[in-house]
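One structure is given here, and the rest of the page talks about it.
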2 protein chains.
Amino acid sequence: MTFLPPKNTSEASANITSNTKSVIEGISIDCVIFSFDKKNLEVLLVHHAIGESAGKWGVLGGNPELEEGIDHAALRILYELTSLDNIYLEQLKAFTDPDRVRSERVITIGYYTLVNREDYNIKASVSVFEAKWFKINEVPKLIFDHNEILEFSLMQLRNRVRQAPIGFNLLPEKFTLLQLMHLYEEILGIELDKSNFRRKILHMKLLVELDEKQQDVSHRAAKLYKFDEAIYKKLTEKGFNFEF
Amino acid sequence: MTFLPPKNTSEASANITSNTKSVIEGISIDCVIFSFDKKNLEVLLVHHAIGESAGKWGVLGGNPELEEGIDHAALRILYELTSLDNIYLEQLKAFTDPDRVRSERVITIGYYTLVNREDYNIKASVSVFEAKWFKINEVPKLIFDHNEILEFSLMQLRNRVRQAPIGFNLLPEKFTLLQLMHLYEEILGIELDKSNFRRKILHMKLLVELDEKQQDVSHRAAKLYKFDEAIYKKLTEKGFNFEF
DNA sequence: CCAAAAGTGTTGTTGATACACCCATGT
DNA sequence: ACATGGGTGTATCAACAACACTTTTGG
């Protein structure tokens with residue numbers, strides 16, 4: 001699932017501002033963007049300055065073009081906001097908001113993505129939107145049915161994280177075991193035992209121990225690990241379990 | 001999720017034959033119907049007699065109306081074919097078939113349902129379609145991207161069946177433990193140990209032992225069980241696991 | 001030396017797995 | 001009597017939870 005972003009940003013943003021007629025009627029795309037900042041799971045919300053929903057926050061949205069697959073559309077819209085490509089993207093499902101009926105958009109396809117906060121901070125400065133990270137339990141009332149979409153994506157994230165190591169997409173490339181543990185604790189809303197977590201995750205042989213340690217911490221520095229994609233692929237093929 | 005079927009069938013079938021203009025452009029609905037017949041997991045396919053796809057088989061499809069939620073549309077379309085209501089229904093996701101682009105339908109919302117074969121046999125005789133059950137591994141090449149949709153729904157079924165006792169929707173109200181076990185074996189494509197399966201499923205306390213036994217079998221008659229919805233609800237709230 | 005987090009070790013309990021075995025019933 | 005599936009019992013092993021403990025490092 002690789003997306004080739006347009007060569008320059010003016011071309012990209014043109015797709016949003018100028019509402020060309022090649023857009024599919026009745027269908028929109030909404031994309032929940034998750035990130036993990038030190039201790040908290042967060043969502044990126046977009047501020048609506050114009051139109052009927054002015055002043056309110058919502059999930060990132062857009063419209064698929066006629067000759068464009070919907071996954072591709074989601075990646076494109078995502079790229080326009082965050083300047084990130086090669087992002088973990090998964091479709092949730094199609095939503096119909098009863099309140100939307102008779103208004104422009106009848107059906108929206110929901111997506112969620114997991115982005116690494118470091119990458120975002122580096123690249124997102126070019127964004128044309130006003131966007132802000134919200135802690136997951138400090139999300140305000142959103143436009144349309146976006147609260148429902150967010151709720152659903154959280155549920156989906158909690159489920160998927162137990163079946164595959166997708167959580168890694170939220171972490172920097174190199175991380176400590178406790179960072180990883182805190183991530184799981186935050187997403188699943190549970191407390192984990194340090195010792196047992198260690199044993200279990202190391203037992204899976206998914207992590208590669210690096211020769212590096214944490215820097216500038218006021219306590220014993222922890223070993224850094226990275227996630228080995230090759231090993232992951234092998235394991236996914238015969239199916240494996242990530243229960244915690 | 002209860003659907004109120006139209007009072008008479010002529011009203012129902014009118015929705016398909018007369019293509020009213022109130023249909024949402026660019027969106028269709030496709031519905032995979034699973035059933036379990038003694039030993040085999042099966043899908044209900046519909047024969048296309050007219051149009052460009054004449055002679056081929058496909059999953060049950062239809063179009064949502066403008067003021068209709070998509071879940072409701074799926075239930076309605078389902079009712080038109082099977083005369084069944086109160087069916088287990090779950091949305092899969094939205095699909096875009098690259099080959100469909102530029103043809104009428106651009107996006108389709110996939111659904112899958114689990115029906116009890118006995119109920120179907122009783123009610124389905126009134127259907128206006130030519131429909132047939134296919135064993136899951138004897139499915140021919142289908143129209144459009146329907147093979148992909150079927151494949152995806154199978155995957156989803158295999159996943160969901162491990163997390164919630166939805167498999168019960170495929171069985172008659174009263175069943176034996178070995179019928180239930182064979183169901184899991186067939187869906188998951190694995191072999192299970194009779195003794196261990198018993199212990200595990202009974203330990204969950206989800207089943208209610210009935211005072212009845214099998215009739216007319218040429219071996220020792222097995223006790224019949226039924227599935228207690230009240231207990232299920234209680235358990236789902238705190239979450240439980242169905243791994244086998 | 002103390003706080004704070006890293007990292008190791010131990011032990012009891014639970015549950016999965018792999019069997020062996022007996023029971024009831026129609027042909 | 002035997003085939004077929006129904007149903008019970010048991011021994012072994014692996015995984016998990018709970019908790020106590022030692023180590024490293026900055027201030």
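Sequence lines set the chain letters: A, B, ... in the order given, protein chains first and strands last, and positions in each chain run from 1.
Nearest nucleotide to the Lys223(A) side chain, out of dG7(C), dA18(C), dA18(D): dG7(C). Nearest to the side-chain atoms of Arg199(A) among the listed nucleotides dA18(C), dA6(C), dA17(D) stands dA17(D). In this structure, the nucleotide among dT17(C), dT8(C), dG15(C) sitting nearest to the side chain of Asn196(B) is dT17(C). Among the nucleotides dC23(C), dC19(D), dA18(C), the one closest to the side chain of Arg220(B) is dC23(C). Closest to the Asp193(A) side chain, of the nucleotides dG26(C), dA6(C), dC19(D), is dC19(D). Here the side chain of His219(B) is nearest to one of dT17(C), dT8(C), dG5(D), namely dG5(D).
Dashed line: the shortest gap from a side-chain N or O of Lys200(B) to OP1 or OP2 of dG15(C) is not under 4.0 Å. When the side-chain nitrogen and oxygen atoms of Arg198(A) are compared with OP1 and OP2 of dG7(C), one or more of them lie within a distance under 4.0 Å.
Atom NE2 in His182(A) sits about 11 Å away from atom C1' in dA6(C), given to the nearest Å. Distance, Leu224(B) CG to dG6(D) C1': 12 Å, rounded to whole Å. Summarising the geometry, the separation between CG on Leu178(A) and P on dT25(D) is reported as 17 Å, rounded to the nearest angstrom. Between Phe197(A) atom CZ and dT8(C) atom P there is a gap of 15 Å when expressed in whole angstrom units. The interatomic distance linking Lys213(A) (NZ) with dT24(D) (C1') rounds to 8 Å, in whole Å. What separates CD of Glu191(A) from P of dA18(D) is a distance of 11 Å, to the nearest Å. Rounded to an integer number of Å, the gap from CZ of Phe244(A) to C1' of dA17(D) is 14 Å. Glu243(A) places its CD atom 10 Å from the P atom of dA17(D), with the value rounded to the nearest Å.
Mapping Leu202(A) and Ser218(A) onto DNA chain C by nearest heavy atom places Ser218(A) closer to the 5' end of the strand. Toward the 5' end of DNA chain D, the nearer of the two residues Ala221(B) and His203(A), judged by each one's closest nucleotide, is Ala221(B).
Side chain to side chain, Gln179(A) and His182(A) fail the donor-acceptor criterion of an N or O pair below 3.5 Å.
Nucleic acid contact class of Lys194(B) (heavy atoms, under 4.0 Å, all strands): base.
With hydrogens and angles ignored, a donor-acceptor pair closer than 3.5 Å exists between the side chain of Ser195(B) and the base of dG9(D).
Asp228(B) places no side-chain N or O within donor-acceptor distance of the main-chain N or O of Leu206(B), the cut-off being under 3.5 Å. Judged purely by atom type and a 3.5 angstrom limit, Asn116(B) uses its side chain to pair as donor or acceptor with the backbone of Glu118(B).
For the ring-ring contact (aromatic ring centres under 6.0 Å, His included) with Phe168(A), the lone residue among Phe36(A), Phe175(A), Tyr232(A) that qualifies is Phe175(A).
Ring centers of Phe152(A) and Tyr112(A): at least 6.0 Å apart, outside the cut-off.
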